[in-house]
*Asks:* 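Before anything else, here's the structure in question.
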Amino acid sequence: MSRKYFGTDGIRGRVGEAPITPDFMLKLGWAAGCVLGDRYDGPGLILIGKDTRISGYMFESALQAGLISAGVDVGLLGPMPTPGIAYLTRTFQAQAGIVISASHNSYHDNGIKFFSANGTKLPDDIESAIEAQLDEPMFTAERLGKARRITDATGRYIEFCKGTMPWGFNLSGLQIVVDCAHGATYHIAPSVFSELGAKVIPFATEPNGTNINRSCGSTNPEALKEKVQEMGADLGIAFDGDGDRVVFVDHKGEIVDGDELLYIIAAYQQEYGGGCAGVVGTLMSNFGFELGLKKLGIEFVRAKVGDRYVIEAMRKNGWALGGESSGHIVCSNVTTTGDGIISALQVLLAMCTMEQSLHTAKQGMTKLPQTMINVHRVKKVDLSKDKAVQNAVTATESKLAGRGRVLLRPSGTEPVVRVMVEGEDKAQVKTLAQELAQAVEKALS
């Protein structure tokens, strides 16, 4: 069943443009309250958390009013990383958790996604039921819900993060620059690492409502590279605006992406953690990552891009580790969803146990040169049926001669098609990607 509002990662768009408007959020809160309330005895509880965008306050109030009008109680978490909301939804035994965030996008955008009572994405049938309820006339329940602010949410989540580490683990002797992207981790991540013994240099921890992800964070790590080298730090850690992604910078100023972080965790688990049965990557995962895991005797499968598909593949194979090169990493033996802080701690645990620097720990895999170009999509076109584009793909694959990959993937959150070429020769890869992107642009214009 096709859906009007929910995409692969909730509902997202430009603030002020449908459906990212206050009136829609009011109706969405009411619809979610009606659907979820019917599945439980009593009023139930739904938690609401948000990142630091200025529009979050507006949408928090609208969702709260809608839920209360449907007879559902509301717990307000305030600014909180997306995975923190998933965790608190479980521990409060709430019916659901609502996240107000557009993740790594600029402050002009915002979005909504839901977590189930188990701290996982809502099942498709419940999302479809909420969409159907949106078409019904709004009414006020006989018994109104109540709202309360959960004042100890931050402390609860900090203790959970620290509690995922073995007894006695500490980071003493490490100097870490922590880049919070002026986002939802700004008041949490520095505390987690410093309370575990690291000397923390906070970076991008002063949100003002409009600077989230601006020239900082996991999608813009250049400033972190400079800060790590300026301070002579051992490493840097960068989160995105809602805290579910993470990338590192080593002491040499080299960016360590999600593929490399996954490799480090997998290598640690294989040698020290009782073995690693397998890892789930995506269509975008670097081929060098796959080869590196093969050398360690670890199975690898690719899923479609998106944490929903990564988690599905992990469950299907019975594996506990998966993620994306963007830094969205899922360690299901520790928590239920992608969590930047938890993933960072897993990497630090691996480094400390193996007694290796970050730069050394990543050397087991060699990334192949990869170029990705985002082509703006003016209209929807099935590129698999476009003859000119398919001819360009065939020509590109022929030039790679079986020693690389080509991928065309429409984004699920932005109006772009991602054109990716991967191979052994960096200059050739860049040229081929540009040529292929031109063919795609022509088809989409």
*Asks:* Measuring from atom CD of Glu290 to atom CD1 of Ile298, what distance do you get when rounded to the nearest 0.5 angstrom?
*Replies:*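 It is 12.5 Å, given to the nearest 0.5 Å.
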*Asks:* Does the side chain of Phe139 reach to within under 4.5 Å of the side chain of Cys34, using non-hydrogen atoms?
*Replies:*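 Heavy-atom side-chain distance check passes, below 4.5 Å.
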*Asks:* Determine the minimum heavy-atom distance between Ala277 and Trp319, stating which atoms define it.
*Replies:*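 Closest heavy-atom pair between Ala277 and Trp319: CB-CD1, 3.8 Å.
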*Asks:* Could you pull out all donor-acceptor pairs under 3.5 Å where a side-chain atom in residues 189-205 meets a protein atom, sequence neighbours excluded?
*Replies:*
residue, atom, partner, partner atom, Å
Ser194, OG, Pro190, O, 2.9
Ser194, OG, Ser191, O, 3.2
Glu195, OE1, Lys162, NZ, 2.5

*Asks:* Test your reading of the model: is there a side-chain donor-acceptor pair from Thr89 to the backbone of Ile85, 3.5 Å cut-off?
*Replies:*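 Looks like yes, one N/O pair under 3.5 Å.
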*Asks:* Report the C-alpha separation of Ser55 and Asn110 in whole Å, then their side-chain angles, then the decisive distance to 0.1 Å, and conclude whether the side chain to side chain donor-acceptor pair (under 3.5 Å) test is met.
*Replies:* CA-CA 7 Å; Ser55 59; Asn110 216 330; 2.7 Å; yes
*Asks:* Kindly give the heavy-atom pair with the smallest separation between Ile255 and Pro221, and that separation in Å.
*Replies:*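 So the two residues come closest at CD1-CG, 3.4 Å.
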*Asks:* Would you mind reporting whether Cys352 and Leu171 have side-chain heavy atoms less than 4.5 Å apart?
*Replies:*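 With C-beta onward as the side chain, the pair touches.
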*Asks:* Grab the two heavy atoms, one from Ala313 and one from Ala303, that are nearest each other, plus how far apart they are.
*Replies:*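 Result for this residue pair: CB-CB, 4.1 Å.
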*Asks:* Test your reading of the model: is there a side-chain donor-acceptor pair from Asp382 to the backbone of Ser384, 3.5 Å cut-off?
*Replies:*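 A pair under 3.5 Å: yes.
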*Asks:* Of all heavy-atom pairs between Ser285 and Arg302, which one has the smallest distance, and what is that distance?
*Replies:*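 Reported closest heavy-atom pair: O-NH1, 2.7 Å.
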*Asks:* Hey, are Glu254 and Lys225 close enough for a salt bridge, meaning a charged N less than 4.0 Å from a carboxylate O?
*Replies:*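 Result for this pair is no, no salt bridge flagged.
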*Asks:* Taking C-beta and beyond as the side chain, do Val393 and Leu408 meet within less than 4.5 Å on heavy atoms?
*Replies:*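 Touching, per the 4.5 Å side-chain cut-off.
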*Asks:* Quick one about His108 and Ser106 (side-chain donor to acceptor, distance below 3.5 Å, no hydrogens or angles considered), yes or no?
*Replies:*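 Judged by distance alone, the side chains do pair up.
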*Asks:* Do Asn374 side-chain atoms and Val416 backbone N/O form a donor-acceptor pair below 3.5 Å?
*Replies:*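 Judged by distance alone, no pair lies under 3.5 Å.
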*Asks:* Begin from the C-alpha positions of Leu348 and Ile237 and carry the test side chain to side chain contact (heavy atoms under 4.5 Å, CB included) through to its verdict.
*Replies:* CA-CA 10 Å; Leu348 293 169; Ile237 303 173; 4.2 Å; yes
*Asks:* State whether Asp244 and Lys113 are salt-bridged, where the test is any N-O pair (Lys NZ or Arg NE/NH1/NH2 against Asp/Glu carboxylate O) under 4.0 Å.
*Replies:*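 Judged by the 4.0 Å cut-off on N to carboxylate O distance, Asp244 and Lys113 do form a salt bridge.
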*Asks:* Would you mind reporting whether Met284 and Met372 have side-chain heavy atoms less than 4.5 Å apart?
*Replies:*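 Answer yes - side chains close enough.
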*Asks:* Which of these, Asn213, Val15, Asp242, sits in a side chain to side chain contact (heavy atoms under 4.5 Å, CB included) with Arg53?
*Replies:*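 Single pass found, and it is Asn213.
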*Asks:* Indicate whether the side chain of Asp23 and that of Thr21 have a donor and an acceptor atom separated by less than 3.5 Å.
*Replies:*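 Checked: Asp23/Thr21 side chains pair up, N/O donor to acceptor below 3.5 Å.
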*Asks:* Test side chain to side chain donor-acceptor pair (under 3.5 Å) on Asn208 and Thr210; report intermediate values, then the result.
*Replies:* CA-CA 6 Å; Asn208 62 16; Thr210 62; 3.1 Å; yes
*Asks:* Which heavy atom of Ile329 sits nearest to which heavy atom of Gly258, and what is that distance?
*Replies:*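 Minimum heavy-atom contact is CD1-O, 4.1 Å.
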*Asks:* Measuring from atom CG of Leu407 to atom CZ of Arg418, what distance do you get when rounded to the nearest 0.5 angstrom?
*Replies:*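 Taking CG in Leu407 and CZ in Arg418, the distance rounds to 10.5 Å.
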*Asks:* What residue pairs, at least two apart or across chains, pass side-chain hydrogen bond (donor to acceptor under 3.5 Å, both in side chains) with a residue in residues 336-351?
*Replies:*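 Of all non-adjacent pairs touching residues 336-351, those that pass side-chain hydrogen bond (donor to acceptor under 3.5 Å, both in side chains) are Arg90-Thr336, Tyr157-Asp339.
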*Asks:* First locate atom CG of Asn105, then atom OG1 of Thr219, and finally report the distance between them rounded to the nearest 0.5 Å.
*Replies:*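 Between Asn105 CG and Thr219 OG1, I get 9.0 Å after rounding to 0.5 Å.
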*Asks:* Decide yes or no for Ser101 and Arg12: does some side-chain heavy atom of the first lie under 4.5 Å from some side-chain heavy atom of the second?
*Replies:*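 Not in contact.
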*Asks:* Look at Lys362 together with Asp250 and state whether they make a salt bridge at an N to O cut-off of under 4.0 Å.
*Replies:*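 The answer is yes: the pair qualifies as a salt bridge.
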*Asks:* Checking Lys387 against Gln390 for the side chain to side chain contact (heavy atoms under 4.5 Å, CB included) test, could you report, in this order, the C-alpha distance in whole Å, the side-chain angles of both residues, the deciding distance, and whether it holds?
*Replies:* CA-CA 5 Å; Lys387 188 174 181 180; Gln390 290 307 307; 5.9 Å; no
*Asks:* Looking at Met80, is its backbone amide N or carbonyl O close enough to the side chain of Asp51 to form a donor-acceptor pair, meaning the two atoms are under 3.5 Å apart?
*Replies:*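 A pair under 3.5 Å: no.
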*Asks:* Is the backbone of Gly243 close enough, under 3.5 Å, to the side chain of Asp240 for a donor and an acceptor to pair up by distance?
*Replies:*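 Yes, the answer is positive, given that a donor and an acceptor are paired below the 3.5 Å cut-off.
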*Asks:* Cation over ring, Lys50 on Tyr57, under 6.0 Å and within 45°?
*Replies:*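 Yes.
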*Asks:* Can you tell me how far apart CE (Met25) and CD1 (Ile98) are? Round to the nearest 0.5 Å.
*Replies:*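 Met25 atom CE to Ile98 atom CD1 measures 10.0 Å (nearest 0.5 Å).
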*Asks:* Going by the rule side chain to side chain contact (heavy atoms under 4.5 Å, CB included), which residues pair with Asp234 if we only count those two or more places apart in sequence or in a different chain?
*Replies:*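 Applying side chain to side chain contact (heavy atoms under 4.5 Å, CB included) to Asp234 gives Leu174, Gln175.
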*Asks:* Salt bridge or not between Lys442 and Asp386? Use side-chain N to carboxylate O under 4.0 Å.
*Replies:*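 Looking at Lys442 and Asp386, the cut-off is not met.
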*Asks:* Going through the checks in order, is the side chain to side chain contact (heavy atoms under 4.5 Å, CB included) test met by Val310 and Thr282?
*Replies:* CA-CA 7 Å; Val310 170; Thr282 73; 3.7 Å; yes
*Asks:* For Lys4, is there any backbone N or O sitting under 3.5 Å from a side-chain donor or acceptor partner on Glu131?
*Replies:*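 At least one qualifying donor-acceptor pair exists.
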*Asks:* Quick one: does Met420's side chain get under 4.5 Å of Arg405's, heavy atoms only?
*Replies:*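 Heavy-atom side-chain distance check passes, below 4.5 Å.
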*Asks:* Any carboxylate oxygen within less than 4.0 angstrom of a Lys/Arg side-chain nitrogen, looking at Asp257 and Lys367?
*Replies:*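 Salt bridge: yes.
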*Asks:* I want to check something: taking the side chain as every heavy atom from C-beta on, are Asp307 and Lys121 in contact at a cut-off of under 4.5 Å?
*Replies:*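 Contact flag for Asp307/Lys121 side chains = yes.
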*Asks:* Could you check Val280 against Leu321 for side chain to side chain contact (heavy atoms under 4.5 Å, CB included), going step by step and ending with a plain yes or no?
*Replies:* CA-CA 7 Å; Val280 176; Leu321 186 60; over 6 Å; no
*Asks:* Please determine whether a side-chain nitrogen of the Lys or Arg among Arg308 and Glu127 lies less than 4.0 Å from a carboxylate oxygen of the Asp or Glu.
*Replies:*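 Yes, charged N to carboxylate O under 4.0 Å.
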*Asks:* Locate the shortest heavy-atom distance separating Gly66 from Met138; write the atom from each residue and the value.
*Replies:*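 What the structure gives for the nearest pair is CA-CE, 4.4 Å.
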*Asks:* How about Phe169 and Leu349: do any of their side-chain heavy atoms sit closer than 4.5 Å?
*Replies:*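 Yes, side chains in contact.
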*Asks:* Indicate, with yes or no, if the rings of Phe289 and Tyr263 have centres closer together than 6.0 Å.
*Replies:*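 No; Tyr263 has its ring centre 6.0 Å or more from that of Phe289.
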*Asks:* Are any side-chain N or O atoms of His104 and backbone N or O atoms of Gly217, one a donor and one an acceptor, separated by less than 3.5 Å?
*Replies:*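 No, because the side chain of His104 does not come within donor-acceptor range (under 3.5 Å) of the backbone of Gly217.
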*Asks:* Report the residue from Ile46, Ile48, Leu45 that forms a side chain to side chain contact (heavy atoms under 4.5 Å, CB included) with Val74.
*Replies:*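 Going through the options one by one, the only one that passes is Ile48.
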*Asks:* If you count heavy atoms of other groups shown closer than 6.0 angstrom to CD of Glu206, is the number above 12?
*Replies:*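 No, because the 6.0 Å sphere around CD of Glu206 holds 12 heavy atoms or fewer from other groups.
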